[in-house]
Participant: 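Pasting a structure below so you can have a look.
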Amino acid sequence: MNIKLRLTAMNFLQFAVWGSYLTSMGTYLFGIGLAENIGIFYAMQGIVSLFMPALIGIVADRWIQAQKLLGICHLLAALFMAATGYYALTAPQVEFSTLFTLYSFSVAFYMPTLGLSNSVAYTGLGSAGLDTVKHFPPIRIWGTIGFICAMWCCDLSGFQSTAWQFVQSAIIGVVLGLYAFTMPQCPTNKSNSKKSFVEALGLNAFALFKQKKMALFFIFSVLLGVSLQITNGFANPFISDFGQVAEYANTFGVQHANILISLSQVSETLCILLIPFCLKRFGIKKVMLMAMFAWVLRFGLFGLGNPGAGVWMFLLSMIVYGVAFDFFNVSGSLFVDKETDESLRSSAQGLFIMMTNGIGATIGTLGAQQVINHFVGDSAGVARMEGWSHSWLIFAAYALVVALLFAVVFKYKHEPEKA
């Protein structure tokens, strides 16, 4: 089979594993009485991202070929995800401690596969003599398509409020785990064993904090990273909660929240194509500001909309998500690549991910949980929806403050590229 088709299939499955539960798990946890713990479930992804990708990366560099380690990690993640689903489906009373422990082991092995799958793809394309810059983005887009397809499958099968979503994820994970062993070999590099532990973990990239511009950029990466996982964790429970209000109970959004939310991923796929033009035309500061104000709209429209007459606000919120997510994550990664020395480039990328998806996202989901617990709590009906509205508007206000601070504090002069 053509290497690009093989890598396309790998990326499709890679994100289908995640899409099976990422946007719907909050609704399931709400339904079993663990609403107050949604934040820690999503925060665990950020917590393990602080160290597991680096540790697994060291193993892949030195001892076990990346494609084999990718398969092993996916099989282990699927095993624990299957155990999560089995426990949740068979236990008379689901206990937080058991469910959270099994789930945590699963994501601990899944999160490193995001980097490993990229390594396998780059190696495969390189071995085939193909330009990674040209050929990888169209392959990676199929990852987002896989995520969307898994969301739709979870929704249409009725899994989004049940533990069957974990079983769906586990089945796809087993398929991908076995498939990974058939991918092109990724040789280990014994010379990497000569690196110090600090270098191997990428901790030497912290030297970039000595540069004021980079220090400010990474600080704002944490502040904006706070927003990244909030809607993944709470958008589905929020929209589904409108079912308590008779006026909205039978609307499409309430009945199929995952399909509605999947429009965010469609927008994400399309907005990637705008990044090269926007960066050349406006520069990193304006592009990052676009992302920050898009987060203001993302949250604010949730706070003001509803799945009835106000559904257009939800739809607009889904559309701006592509700008909010891509213009921050992808553009930020390109900025780090451009502004760092070649010797620190990989470590700097790891630091960027740590700041955003690790520290920022962890703080964000835990903080959002506290806000929602306070305003939503155990209220019901219209009062409950008002509490949700207050919560989203607080998140929007936070994003606005970060945007205004960034506009004032971060100094960067853009030199437009000549045609």
Side-chain angles (χ1 to χ4, degrees), residues 1-16 18-19 53 57 60-61 65-67 69-70 112-149 176 179-180 182-187 189 202 265-284 286-288 290-291 322-323 325-353 356-357 414-419:
M1 186 188 295
N2 180 287
I3 184 61
K4 290 195 290 184
L5 289 177
R6 294 177 67 192
L7 293 174
T8 295
M10 182 186 74
N11 270 267
F12 183 93
L13 294 171
Q14 172 71 43
F15 288 90
W18 212 7
D61 281 341
Q65 294 178 343
Q67 85 282 358
L69 196 55
L70 178 67
T113 66
L114 296 172
L116 286 174
S117 64
N118 285 344
S119 295
V120 171
Y122 295 152
T123 301
L125 291 171
S127 299
L130 299 173
D131 180 11
T132 56
V133 175
K134 178 181 178 180
H135 293 283
F136 181 69
I139 291 171
R140 172 58 184 82
I141 284 176
W142 280 93
T144 304
I145 295 174
F147 192 98
I148 295 169
C149 288
L176 178 52
Y179 179 64
T182 72
M183 300 306 293
Q185 291 191 1
C186 302
N189 188 351
Q265 278 65 46
V266 175
S267 173
E268 179 188 335
T269 303
L270 297 175
C271 284
I272 289 177
L273 304 176
L274 296 174
I275 290 174
F277 167 77
C278 290
L279 279 176
K280 290 179 181 179
R281 179 68 178 82
F282 303 111
I284 186 63
K286 290 182 179 178
V287 169
M288 292 285 283
M290 290 178 194
V323 175
F325 187 85
D326 288 335
F327 279 34
F328 169 54
N329 277 325
V330 180
S331 298
S333 177
L334 291 172
F335 174 76
V336 170
D337 182 73
K338 179 182 177 182
E339 296 294 328
T340 55
D341 184 81
E342 186 175 354
S343 63
L344 284 176
R345 209 159 275 169
S346 295
S347 299
Q349 291 293 342
L351 180 59
F352 178 63
I353 295 298
T356 55
N357 293 278
H414 174 58
E415 299 290 344
E417 294 185 18
K418 295 181 181 180

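Both backbone and side-chain heavy atoms feed into the values below; hydrogens, waters and symmetry mates do not.
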Participant: If I take atom CZ from residue F327 and atom SG from residue C271, how far apart are they, to the nearest 0.5 angstrom?
Facilitator: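 So the gap between those two atoms works out to 6.0 Å.
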
Participant: Could you list the residues that satisfy ring pair (Phe, Tyr, Trp, His ring centres under 6.0 Å) with F325, not counting sequence neighbours?
Facilitator: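 Expected list: Y321.
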
Participant: Supply the atom-to-atom distance T182 OG1 to M10 CE, rounded to the nearest 0.5 angstrom.
Facilitator: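 It is 10.0 Å, given to the nearest 0.5 Å.
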
Participant: Any chance you could measure M290, atom CE, to L274, atom CG, to the nearest 0.5 Å?
Facilitator: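 Reported value, rounded in 0.5 Å steps: 10.0 Å.
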
Participant: Donor-acceptor pairs under 3.5 Å, side chain of residues 127-141 to any protein atom, not counting sequence neighbours: which ones?
Facilitator:
unit_1: S127; atom_1: OG; unit_2: T123; atom_2: O; d: 2.9
unit_1: D131; atom_1: OD1; unit_2: V133; atom_2: N; d: 3.2
unit_1: R140; atom_1: NH1; unit_2: T144; atom_2: OG1; d: 3.2

Participant: To the closest 0.5 Å, what do you measure between CG (L176) and CG (L70)?
Facilitator: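 So the gap between those two atoms works out to 6.0 Å.
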
Participant: Looking only at heavy atoms, which two atoms of S331 and I275 are closest? And how far apart?
Facilitator: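 Residues S331 and I275, closest heavy atoms: OG-CG2, 3.6 Å.
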
Participant: Looking only at non-hydrogen atoms, find the nearest pair between F15 and G143 and report the distance.
Facilitator: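 F15 and G143 have their closest heavy atoms at CB-O, 3.0 Å.
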
Participant: Tell me, do F328 and M288 make a side-chain contact under 4.5 Å, heavy atoms counted?
Facilitator: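 Side chain of F328 against side chain of M288, heavy atoms only: contact under 4.5 Å found.
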
Participant: For residues 115-122, please give each side-chain donor-acceptor pair under 3.5 Å, one per line with the distance, not counting sequence neighbours.
Facilitator:
unit_1: S117; atom_1: OG; unit_2: T113; atom_2: O; d: 3.1
unit_1: S117; atom_1: OG; unit_2: L114; atom_2: O; d: 3.1
unit_1: S119; atom_1: OG; unit_2: G115; atom_2: O; d: 3.3

Participant: Going by the rule side-chain hydrogen bond (donor to acceptor under 3.5 Å, both in side chains), which residues pair with Q67 if we only count those two or more places apart in sequence or in a different chain?
Facilitator: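 Partners of Q67 under the side-chain hydrogen bond (donor to acceptor under 3.5 Å, both in side chains) test: Q65.
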
Participant: Are Q265 and I145 side-chain neighbours, meaning at least one heavy-atom pair lies under 4.5 Å?
Facilitator: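 Not touching, per the 4.5 Å side-chain cut-off.
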
Participant: Taking side-chain contact (heavy atoms from CB on, under 4.5 Å) as the test, write out the residues that go with E339, two or more places apart.
Facilitator: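 Scan of E339 (side-chain contact (heavy atoms from CB on, under 4.5 Å), adjacent residues dropped) gives K213, M214, F335, Y412.
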
Participant: Does the side chain of R6 reach to within under 4.5 Å of the side chain of P184, using non-hydrogen atoms?
Facilitator: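 Yes, at least one pair of side-chain atoms sits under 4.5 Å.
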
Participant: Quick one: sort the F12 and W142 rings into parallel, tilted or perpendicular, breaks at 30° and 60°.
Facilitator: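 Ring orientation, 0 to 90° scale: tilted.
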
